[in-house]
Structures are given as structure tokens and as C-alpha cells.
Amino acid sequence: MAAPATELAALADWQRPLRAQFPIIEGHPGLVYLDSAATSQKPRPVLDAVQTYLTTSNANAARGSYPWANTTTALVEGARERVKSFLGDPDPERSSVHFTSGTTEGLRTVARDWLPFLLVDGDEIVVPFADHQANLSPWLEARDLLARRGVRVRVRELPYQASSGDYDPRALAAVTGPRTRFVAATHVHHVYGVDMNVHRIRQVVGPQVPICLDAAQSIGHLPVSVAGLDVDFVVFSGHKALALPGTGAVWARGLRGPRLRPGGWSGTPNTVGIASLVAALDWLEAAGTGRIERWTVALTALLTDGLDRMDAYEVLGCRTSLSAGSRVQRRRSLVTFRHRGIDSRDLGFILFSHGFMVRTDGHCQAGRAAQEGSVRVSLHVHNTPEEVEGLLSALASLQ
């Protein structure tokens with residue numbers, strides 16, 4: 001693992017022209033956007049793809065035989081294949097892709113339209129109780145739905161390691177057994193920024209248990225290979241991956257359990273959102289998600305190293321990975337912290353007065369009281385070391 005300064009220097013010439021492709025970033029030189037985990041900004045090729053679609057072939061999909069409708073239908077079908085190839089799908093003939101409004105709807109689709117057909121009375125599922133609320137509520141809703149039908153399903157808590165914040169495979173072995181039928185997990189934690197090491201879950205639960213992965217904070221930030229992860233569902237939001245709001249996808253492997261067939265009438269898809277998603281995936285692949293990961297991980301290491309030197313701040317998550325010289329797993333593009341004397345919302349207002357836009361609240365974390373607010377800084381490829389140093393300077397002035 002190279003030192004952060006070394007990584008940033010090596011990638012500077014690669015990053016500079018990519019930053020220039022974000023009009024909103026270049027158009028506001030006095031502001032620094034540090035909230036990409038909530039929603040990402042859009043590079044020019046994505047905006048151009050939206051403009052081109054809306055001015056050349058905007059129509060409904062699968063509902064007409066004229067050229068614009070046919071072009072839109074082909075766009076949607078081609079987008080399914082684009083998602084598969086972006087995820088490195090090893091068996092695209094077997095798998096399927098279903099477009100949703102985002103991660104929350106995608107997880108609820110799996111919970112509502114697939115999971116109930118897998119479970120019988122006495123089965124157990126294992127889900128995270130301290131990740132994003134969207135990766136807990138749908139599974140509890142599915143349990144309650146089945147209970148009303150007379151099917152009792154036990155929900156077990158996916159255990160965490162206290163020291164690092166990622167999942168605890170040893171403790172997981174103690175809560176799984178022959179009645180374990182399903183596991184829900186998160187790829188990158190939206191508060192702690194840690195890679196949750198999902199491959200260890202597969203090692204514990206064995207080859208037959210389906211795993212559903214919330215990839216909202218990993219798609220667009222690091223390489224995601226479904227072959228390497230060996231999961232059955234990957235769910236993500238377009239707006240966190242440089243595409244427009246209101247679009248997302250569920251990749252369903254179709255290997256373990258029934259095939260995913262979303263229920264209800266299939267209405268008009270978000271065609272312009274899907275067009276933006278294709279352009280975003282093309283842009284990310286051309287830029288190189290591996291390099292994006294290296295850049296943002298180095299920036300977060302720069303930030304945690306600075307925060308670790310200030311007594312006024314508490315960084316949430318693993319404490320042993322804060323210094324720039326740490327060899328412990330780095331945070332993936334986001335850092336969450338508290339000031340020991342200033343309320344997080346007040347700190348957010350103060351930081352904006354210095355030009356920094358950050359997230360300040362409970363971050364929709366399941367199992368956390370609303371009053372447990374904190375400041376989350378989330379970075380993307382357009383952010384720079386100078387912006388991180390400027391933020392640290394502003395924070396240092398508040399000690």
C-alpha cells in the first residue's frame with residue numbers, strides 16, 4: 001500500500017483532466033463538494049448523453065413501433081447488458097437486470113418479490129442491523145408479511161467486529177445454521193467507509209445460501225466483480241454513480257433460489273435516467289475504477305491522518321487505520337467524525353461558511369438514535385489534496 005502522498009503525486013496528471021469534466025465543480029471555484037456519498041456530481045459526457053437522448057429519440061420503451069420508440073427500447077435492453085459487463089458478469093445468459101428508482105427500491109424488490117418465495121416456516125435470514133436503514137427495513141417488512149401468512153421467519157443480526165467496523169466472520173458462524181436461507185450485506189459501509197469483506201461471508205455460509213449485496217457506496221468508487229464476490233444480487237443507485245437521480249439497478253444472478261420476477265404491472269421506465277446510467281458506466285470504465293479507488297483512498301487517508309492529530313475530533317470506525325502510515329485497510333472515499341464540543345449540524349454550517357459542503361446528521365444508519373449526529377465527508381475523483389488540506393485547516397481553527 002503506497003503512502004497517500006506518493007499515490008496522489010503519481011495520479012495527479014490522470015486526475016486533473018477528469019476533474020475538468022465536471023461543469024458544476026469547475027463552475028463554482030469557491031465551493032468544495034464533499035457529499036458524493038449522498039449524491040454524485042455528473043461529468044460532461046453524462047450530461048451530453050441526457051441532452052442527446054432527449055433531443056433525438058425521447059420516447060417510451062416497448063410501447064411503439066416507430067423509430068424513436070424502437071431506439072429507446074434498444075437503449076433499455078442494451079443498458080441491461082451494459083450493467084452486466086460493468087459488473088464482470090461471468091454468466092450473462094443466466095442473470096437478469098431490473099431497473100429501479102434506486103438502492104432502496106431495489107432492495108425492497110428483492111425482499112418483496114423474491115425472498116418470500118424462498119422461505120418456509122422456521123427458516124432464518126441474517127441481515128445487518130447497523131448499516132443503512134434501506135438494508136434493514138425491507139427484510140423486516142418481508143418477515144412481517146410472511147408472519148401474516150402464518151410463516152414464521154427468524155431474523156438474525158449480522159455481527160460486526162468492534163475494532164474495525166466490518167463484519168465478524170467468526171461470530172457469523174455462531175448465528176448461522178441449517179435453517180439459514182439468506183444473507184443481506186453491504187459492500188462499503190456508508191458511515192465508516194470500510195470494505196465489509198463480503199467474500200468472508202460466503203466462506204462461512206457455504207455455497208448454497210443466497211447473498212444480497214447493497215453496493216450503493218462501491219459502484220463508481222472501486223472495481224466491483226460479481227465473479228469475485230460470489231453474491232446473488234447486486235443493488236445500486238445511479239445517482240451515487242455519476243448518473244441521474246431516480247434510477248438504479250438490481251443485478252440478479254439467477255443461480256440460487258427462484259428467478260427474480262418483479263411483481264405488478266411494468267410501467268414506463270426512467271428512460272432518460274437509464275441513458276445517463278449507461279453514459280456514467282462508460283465514463284467510469286474509461287477513467288478506471290481501480291485508479292478512482294486509489295485516488296479517493298489516498299485522499300481519505302490524508303484526511304484521517306490530519307483528524308487524528310486533532311484532539312477535538314473523534315473519527316468513527318476503525319481507530320488503527322487513521323494515520324497516513326497505517327497498513328490497516330483504508331477507508332473507501334468517506335470519513336465520518338464528530339467534534340467533541342460542537343454539534344454536528346452547527347459544524348456543518350460553520351464549514352459551509354468556509355466553502356465546504358458536507359453531510360451532517362445520522363446518515364440513515366439503522367439502529368442509531370437521531371441525536372447521534374456526525375459529519376460525513378465523502379470524496380470522488382474530482383476532489384483534490386488541496387481541498388482536503390483546506391478542510392483540515394478549517395477544522396483546525398475550531399479546536
Side-chain angles (χ1 to χ4, degrees), residues 1-47 188 193 217-218 220-223 240-242 280 283-310 313 315 321-326 330-337 347-348 350-360 375-398:
M1 183 184 297
T6 302
E7 283 280 58
L8 294 168
L11 293 171
D13 290 341
W14 162 83
Q15 185 267 350
R16 198 172 297 111
L18 296 180
R19 175 185 169 90
Q21 295 182 47
F22 290 82
I24 195 170
I25 301 299
E26 292 292 284
H28 295 83
L31 297 176
V32 179
Y33 187 74
L34 300 171
D35 199 19
S36 291
T39 197
S40 60
Q41 300 303 336
K42 322 306 176 193
R44 173 59 66 187
V46 173
L47 301 175
V188 172
Q217 298 298 347
S218 57
H221 291 276
L222 65 154
K240 296 180 189 290
L242 310 186
W283 191 92
L284 288 164
E285 196 166 84
T289 51
R291 285 184 170 185
I292 292 173
E293 179 186 24
R294 288 170 56 195
W295 181 261
T296 56
V297 166
L299 288 179
T300 54
L302 192 67
L303 177 56
T304 58
D305 183 69
L307 286 169
D308 193 38
R309 300 170 190 272
M310 303 182 202
Y313 297 95
V315 180
S321 62
L322 300 181
S323 71
S326 172
R330 302 274 192 203
R331 284 162 173 77
R332 261 62 186 164
S333 78
L334 62 91
V335 179
T336 305
F337 58 91
L347 183 56
I350 295 169
L351 290 176
F352 181 70
S353 72
H354 290 269
F356 299 100
M357 294 177 279
V358 298
R359 171 80 176 264
T360 58
V375 173
R376 184 179 70 184
V377 172
S378 49
L379 304 143
H380 217 306
V381 67
H382 51 73
N383 292 116
T384 65
E386 292 76 19
E387 291 175 340
V388 172
E389 294 289 358
L391 174 65
L392 287 169
S393 178
L395 293 170
S397 70
L398 302 174

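Numbering of residues begins at 1 and proceeds along the displayed sequence.
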Can you confirm whether [X] sits close enough to [Y] that some side-chain heavy atom of one is under 4.5 Å from a side-chain heavy atom of the other?
{"X": "Met357", "Y": "Phe352", "value": "yes"}
{"X": "Gln15", "Y": "Thr384", "value": "yes"}
{"X": "Leu322", "Y": "Arg331", "value": "yes"}
{"X": "Asp35", "Y": "Thr39", "value": "no"}
{"X": "Lys42", "Y": "Ile24", "value": "no"}
{"X": "Ser218", "Y": "Arg332", "value": "no"}
{"X": "Ser333", "Y": "Val297", "value": "no"}

Does Val358 form a side-chain contact (heavy atoms from CB on, under 4.5 Å) with Phe337? I'd like the steps, not just the answer.
CA-CA 11 Å; Val358 298; Phe337 58 91; over 6 Å; no
Mind checking the [atom1]-[atom2] spacing from [X] to [Y]? Nearest 0.5 Å is all I need.
{"X": "Leu392", "Y": "Ser397", "atom1": "CG", "atom2": "OG", "result": "11.0 Å"}
{"X": "Arg309", "Y": "Asp305", "atom1": "CZ", "atom2": "CG", "result": "4.0 Å"}
{"X": "Leu351", "Y": "Leu34", "atom1": "CG", "atom2": "CG", "result": "9.0 Å"}
{"X": "Leu242", "Y": "Leu284", "atom1": "CG", "atom2": "CG", "result": "4.5 Å"}
{"X": "Ser36", "Y": "Arg359", "atom1": "OG", "atom2": "CZ", "result": "12.5 Å"}
{"X": "Leu299", "Y": "His380", "atom1": "CG", "atom2": "NE2", "result": "11.5 Å"}

Let's go through Val315 and Val335 carefully: what are the C-alpha distance in whole Å and the side-chain angles of both, what is the deciding distance for side-chain contact (heavy atoms from CB on, under 4.5 Å) to 0.1 Å, and is it a yes or a no?
CA-CA 7 Å; Val315 180; Val335 179; 4.0 Å; yes
How far apart are the closest heavy atoms of [X] and [Y], and which atoms are they?
{"X": "Arg330", "Y": "Ala324", "value": "NH2-O, 2.6 Å"}
{"X": "Lys240", "Y": "Ala37", "value": "NZ-O, 2.7 Å"}
{"X": "Pro385", "Y": "Trp295", "value": "CD-CZ2, 3.8 Å"}
{"X": "Ala394", "Y": "Phe356", "value": "CB-CE1, 4.1 Å"}
{"X": "Tyr313", "Y": "Leu395", "value": "OH-O, 2.7 Å"}
{"X": "Asn383", "Y": "Leu379", "value": "OD1-CA, 3.3 Å"}

Which is it for Glu387 and Arg19 under the salt bridge (Lys or Arg N to Asp or Glu O under 4.0 Å) test, yes or no, and what are the steps along the way?
CA-CA 13 Å; Glu387 291 175 340; Arg19 175 185 169 90; 3.0 Å; yes
Verify side-chain contact (heavy atoms from CB on, under 4.5 Å) between Leu222 and Val188, making sure each step is shown before the conclusion.
CA-CA 10 Å; Leu222 65 154; Val188 172; 4.1 Å; yes
Tell me whether the rings of Tyr33 and His382 are parallel (<30°), tilted (30 to 60°) or perpendicular (>60°).
tilted
Phe22 and Trp283 aromatic ring geometry - parallel, tilted or perpendicular at 30°/60° bounds
perpendicular
Please determine whether the number of non-hydrogen atoms from other residues, nucleotides or ligands lying under 6.0 Å from atom NE2 of His28 exceeds 12.
no
Any sub-3.5 Å donor-acceptor pair from Ser393's side-chain atoms to Gly390's backbone N or O?
no
From the list Val32, Leu303, Leu307, side chain to side chain contact (heavy atoms under 4.5 Å, CB included) with Leu391 holds only for Leu303
Evaluate side-chain contact (heavy atoms from CB on, under 4.5 Å) for Leu398 paired with Met310, printing each intermediate quantity in order.
CA-CA 10 Å; Leu398 302 174; Met310 303 182 202; over 6 Å; no
